[in-house]
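Have a look at the structure below before the remarks.
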Amino acid sequence: VQLQASGGGLVQAGGSLRLSCAASGRTFSNYIMGWFRQAPGKEREFVAAISLSGGSTYYTDSVKGRFTVSRDNANYTLYLQMNSLKPEDTAVYYCAARRAGSYYLATYDYWGQGTQVTVSS
């Protein structure tokens, strides 16, 4: 499956952004989907994930209550709504897909190219 992330940009602290990840090539609803991020000099970290149907969602503690992951299986698109952004959210955000396995580990099978999110203080 091919993934294309978009929607990043520069925003002030407290602002919002909505990331999108367009999928193609395979049946989207067969894949667990996740968002990861990587800040300069740091390892890639889990942000959020969503089950095949969208009925279950998972978040890292630092984004709970601020970020919302969702998916549109009919349109092969994954979203990440990010509210109350903080400077520490600054990173390149990646979408990823896998058929099965851990929601949290960065061992997904397919990755998008990443989109930069910069939050100014």
Side-chain angles (χ1 to χ4, degrees):
V1 61
Q2 291 79 46
L3 303 172
Q4 179 76 34
S6 62
L10 174 64
V11 63
Q12 289 188 333
S16 298
L17 282 174
R18 189 192 197 199
L19 305 185
S20 298
C21 176
S24 62
R26 299 287 178 93
T27 304
F28 184 64
S29 58
N30 287 344
Y31 290 86
I32 294 167
M33 299 299 297
W35 287 100
F36 290 77
R37 65 187 180 188
Q38 188 166 18
K42 295 187 176 182
E43 293 186 354
R44 190 170 297 188
E45 66 171 353
F46 170 79
V47 176
I50 189 166
S51 62
L52 301 180
S53 67
S56 297
T57 56
Y58 308 86
Y59 300 93
T60 192
D61 286 346
S62 63
V63 309
K64 285 180 181 177
R66 300 189 298 123
F67 290 12
T68 302
V69 60
S70 61
R71 66 190 297 164
D72 181 346
N73 284 347
N75 290 299
Y76 281 37
T77 307
L78 173 73
Y79 300 101
L80 185 67
Q81 178 67 44
M82 305 187 295
N83 299 327
S84 302
L85 282 161
K86 304 176 181 180
E88 51 263 44
D89 295 318
T90 295
V92 177
Y93 283 70
Y94 298 89
C95 57
R98 69 187 311 162
R99 289 296 302 271
S102 170
Y103 288 95
Y104 303 98
L105 298 179
T107 52
Y108 281 56
D109 299 315
Y110 305 96
W111 293 84
Q113 86 290 359
T115 184
Q116 176 71 47
V117 172
T118 303
V119 184
S120 63
S121 58

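FYI, the numbering just counts along the sequence from 1.
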Rounded to the nearest 0.5 angstrom, the CG-OG distance for Asp72 and Ser29 is 11.0 Å

Does some side-chain heavy atom of Arg18 sit less than 4.5 Å from a side-chain heavy atom of Tyr79? yes

Side chains of Phe28 and Met33: closer than 4.5 Å at any heavy-atom pair? yes

Side-chain donor/acceptor pairs under 3.5 Å, residues 114-121, sequence neighbours excluded:
from: Thr115; atom 1: OG1; to: Gly8; atom 2: N; distance (Å): 3.1
from: Gln116; atom 1: NE2; to: Ala91; atom 2: O; distance (Å): 3.4
from: Gln116; atom 1: NE2; to: Thr118; atom 2: OG1; distance (Å): 3.3

Can you give me the closest heavy-atom contact between Ala48 and Tyr59, atom names plus distance? CB-CD2, 3.6 Å

Salt-bridge present (Asp89, Lys86; N to O < 4.0 Å): no

Classify the side-chain pair Thr107/Arg98 by whether it contains a donor and acceptor separated by less than 3.5 Å. yes

Kindly work out whether a path of hydrophobic side-chain contacts (I/L/V/M/F/W/Y, heavy atoms less than 4.5 Å apart) joins Leu52 to Val69. no

Between Tyr94 and Phe36, ring centroids under 6.0 Å: no

I want to check something: taking the side chain as every heavy atom from C-beta on, are Trp35 and Leu19 in contact at a cut-off of under 4.5 Å? yes

Heavy atoms, side chains only, cut-off 4.5 Å: are Tyr103 and Ile32 in contact? yes

Listed by chain and number, what are the side chain to side chain donor-acceptor pair (under 3.5 Å) partners of Gln113, not counting sequence neighbours? none

Listing request: all disulfide (SG to SG under 2.5 Å) pairs with a residue in residues 83-121, at least two apart in sequence or in separate chains. Cys21-Cys95

